[in-house]
Amino acid sequence: MSTSHGNAGSAWKNLAADLPASLVVFLVALPLCMGIALASGAPIVSGIIAGVVGGVVVGLLGGAPMQVSGPAAGLAVMVFGFIQTMGLAMTCAAVAAAGVLQMVFGGLKVARAALAISPAVIHGMLAGIGILIVLGQIHIVLGGSPQSSAWQNIKELPEQLIGLHGPAAVLGLVTIGLMMVWPLIGKGKLKLVPAPLVAVVGATAVSVFWGADVARVQLPENVFSSIQLPTLPSGNWGAFIAAVLSLALVASAESLLCAVATDKMHTGPRANLDKELFAQGAANTVSGLIGGLPITGVIVRSAANLSAGAKSRWSAVMHGLWLLLFVTTLGSVAGLVPLTVLAGLLVVVGTKLVNLHHIRELQKRGEVIVYAVTVAGVVGINLLAGIGLGLLVAILRLLWRLGSVKVDVKQAHDEYLVVVSGSLTFVGVPRLSTALAQVPAGSKVRVDLAVDTLDHSGFEAIESWSDTHRKTGGSVVMESLEEVWVRSGTSKTSSPVLGHQVSNNTLASEGAR
């Protein structure tokens, strides 16, 4: 009996913390859901649907109870391209199909595999997306329209600056200013008031009192009657399948890396990544079927959730219910928000995706080239090309590191000293063989193996050469190869592809929402 009373008391205590936290997350999520829909080229209601489904479905089913899910800026550029080429109805079908694929991934328990993606590629992808969002949305801030590519946006920018479009430009710049200033002046309890809410409410209030004639958010009077049902393609299945695969892979990687990052922010139950991936898939399937945007775990909302004192998954669930309540009863309030204000919000969000801390960390580890290539590919070509180029450079860098063996051969009196350092793997065996060929047959040789990595090919190459040298009348003195192999195999070095391991995977998604 006492146990049941204790559980009930704990539940009420959690609810007392989760209720105010859910309101804070709702206030953070609402403007971002609308802004991400704008950046995706989708109806505003599609962003709010994704926010509702992400909160409720992932909140109830997920394996990372403190993570908050919803539409993310990290997918906005990808979704914009799909809507332009396939239309909204077919994009929704791709989102639903991607969700099914994510559920399969979760059922097969492959979630940990997503953490093997190089952090440099993830950070580069998000930075490239951030640059594209800024280049597109700055045109709306200035009162114009975004162009079809990054180059076109850059080319048209001087003309937009010269012909500033009055009220729209002022309101957009006011939004950006409030977003940047609020974190500096918000002290004490004011810190709980999120900067996106302050910026959107403040700039909207200015527009109302000013009576500014600007384009505003349009929400349907009856949300349920305006739901966009998905449509399968009648042809061009290749583009549809590519959209499904890319959405499933990128959304899965973002969500799982966000879950790992969220785990580092609290001391509660650890995330079950396979269960979380299955829940993300279920949410995307539901969202796609009712006209919503794709969903991922969102680090900004998750951090706000924890900062506001959330204790359980019910905070995320309730934030989704608040979004639903808002869109069904107070949609006319959203109609006051100028589109240029949401664009200003996205400019700041996009800027934060280019994280200088990550760049400095990657520079220390020699991975900044992977980051730069990924950014250039995302901005200059497209998202998938950028990710592909980044992974290619990461793999080439790995092969170079694995082959970076150094072999010094020196003659000292009547013997030869061979010093082998670096990584002695199959890639470096040709270099080793070339160096050892300098040692005359029948000579005395001392081998110093100062390697940090020794694979089977390197082991056999050294062993084979030493046996052959002894058979030709020479002598070889060196440490036991078995001991070297064990020592190099147990040394705590980080993988050159994974870079700084999971700790820097944390912000695949940081600032991405």
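One-based numbering along the sequence shown. Below, each value reflects all heavy atoms present in this structure, side chains not excepted, and no hydrogens, waters or symmetry copies. Please read these numbers as outputs of a predicted model, since none were measured by experiment.
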Closest heavy-atom contact between Pro183 and Met179? CD-O, 3.1 Å
Main-chain N/O of Gly136 paired to His139 side chain as donor or acceptor, under 3.5 Å: no
Are Ile299 and Met265 close enough, and set up right, to give a side chain to side chain contact (heavy atoms under 4.5 Å, CB included), and what steps lead you there? CA-CA 11 Å; Ile299 193 64; Met265 299 179 189; 3.4 Å; yes
Flag the pair Leu321 / Leu325 as yes when at least one side-chain heavy-atom distance between them is below 4.5 Å, and no otherwise. no
With heavy-atom distances below 4.5 Å as the criterion, would you say the side chains of Phe80 and Leu132 are in contact? no
Nearest 0.5 Å, please: how far is CD in Glu254 from CD1 in Ile295? 13.0 Å
Starting from the C-alpha separation in whole Å, work towards a yes-or-no answer on side chain to side chain contact (heavy atoms under 4.5 Å, CB included) for Val250 and Met125. CA-CA 10 Å; Val250 175; Met125 175 193 78; 4.0 Å; yes
Here the gap from Asp18 atom CG to Trp314 atom CH2, rounded to the nearest 0.5 Å, amounts to 10.0 Å
Show the numbers, then the answer: is there a side chain to side chain contact (heavy atoms under 4.5 Å, CB included) between Leu323 and Val327? CA-CA 6 Å; Leu323 284 169; Val327 76; over 6 Å; no
Any side-chain heavy atom of Met86 sitting closer than 4.5 Å to one from Pro233? no
Would you mind telling me which of Val68, Asn305, Val28 makes a side-chain contact (heavy atoms from CB on, under 4.5 Å) with Val300? Val28
Would you check if Thr296 and Leu75 make a side-chain contact, meaning some heavy-atom pair closer than 4.5 Å? yes
What closest approach, in Å, do Leu277 and Gly106 show between heavy atoms, and which atom pair accounts for it? CD2-N, 3.8 Å
Per side-chain contact (heavy atoms from CB on, under 4.5 Å), Leu88 is matched among Ile83, Val79, Leu293 by Ile83
Is the shortest side-chain heavy-atom distance between His123 and Glu367 below 4.5 Å? no
Closest heavy-atom contact between Ala304 and Val24? O-CG1, 4.5 Å
Find out whether Ile241 and Leu245 are in side-chain contact, i.e. whether some heavy atom of one side chain is under 4.5 Å from a heavy atom of the other. yes
Evaluate the side chain to side chain contact (heavy atoms under 4.5 Å, CB included) criterion for residues Met78 and Leu247: first the C-alpha distance (whole Å), next the side-chain angles of each, then the deciding distance (0.1 Å), finally the verdict. CA-CA 8 Å; Met78 181 186 287; Leu247 281 170; 3.7 Å; yes
Quick one: pull up CZ in Arg270 and NZ in Lys264 and give me the separation to the nearest 0.5 Å. 9.0 Å
Should Leu389 and Thr374 count as side-chain neighbours, where that means a heavy-atom distance under 4.5 Å? no
Pairs under 3.5 angstrom only: tabulate donor-acceptor contacts from the side chains of residues 39-58 to other protein residues two or more places apart or in another chain.
{"residue": "Ser40", "atom": "OG", "partner": "Ile36", "partner atom": "O", "Å": "2.7"}
{"residue": "Ser46", "atom": "OG", "partner": "Gly291", "partner atom": "O", "Å": "2.9"}

At what distance, to the nearest 0.5 angstrom, does CG of Leu30 lie from CH2 of Trp322? 13.5 Å
Within the 4.5 Å heavy-atom criterion, are Arg216 and Ser207 side-chain neighbours or not? yes
What's the shortest heavy-atom distance between Ser302 and Thr262, and which atoms? CB-OG1, 3.7 Å
First locate atom CG of Leu289, then atom CG of Asn284, and finally report the distance between them rounded to the nearest 0.5 Å. 10.5 Å
Would a distance-only check, ignoring hydrogens and angles, find a side-chain to backbone donor-acceptor pair under 3.5 Å from Thr175 to Leu171? yes
Closest heavy-atom pair and its distance - Ala94, Ala243: CB-CB, 4.2 Å
State the CD1-CD1 distance between Ile381 and Ile387, to the nearest 0.5 angstrom. 12.0 Å
Quick check against the 3.5 Å criterion: does Ser22 have a side-chain atom that pairs as donor or acceptor with the backbone of Ala316? no
Does any donor atom in the side chain of Ser255 or Glu276 lie under 3.5 Å from an acceptor atom in the other side chain? no
Might you point out which heavy atoms bring Leu391 and Val121 nearest each other, and give the distance in Å? N-CG2, 3.8 Å
Look at the side chain of Ser246 and the backbone N and O of Ala242, then say whether any donor-acceptor pair between them is shorter than 3.5 Å. yes
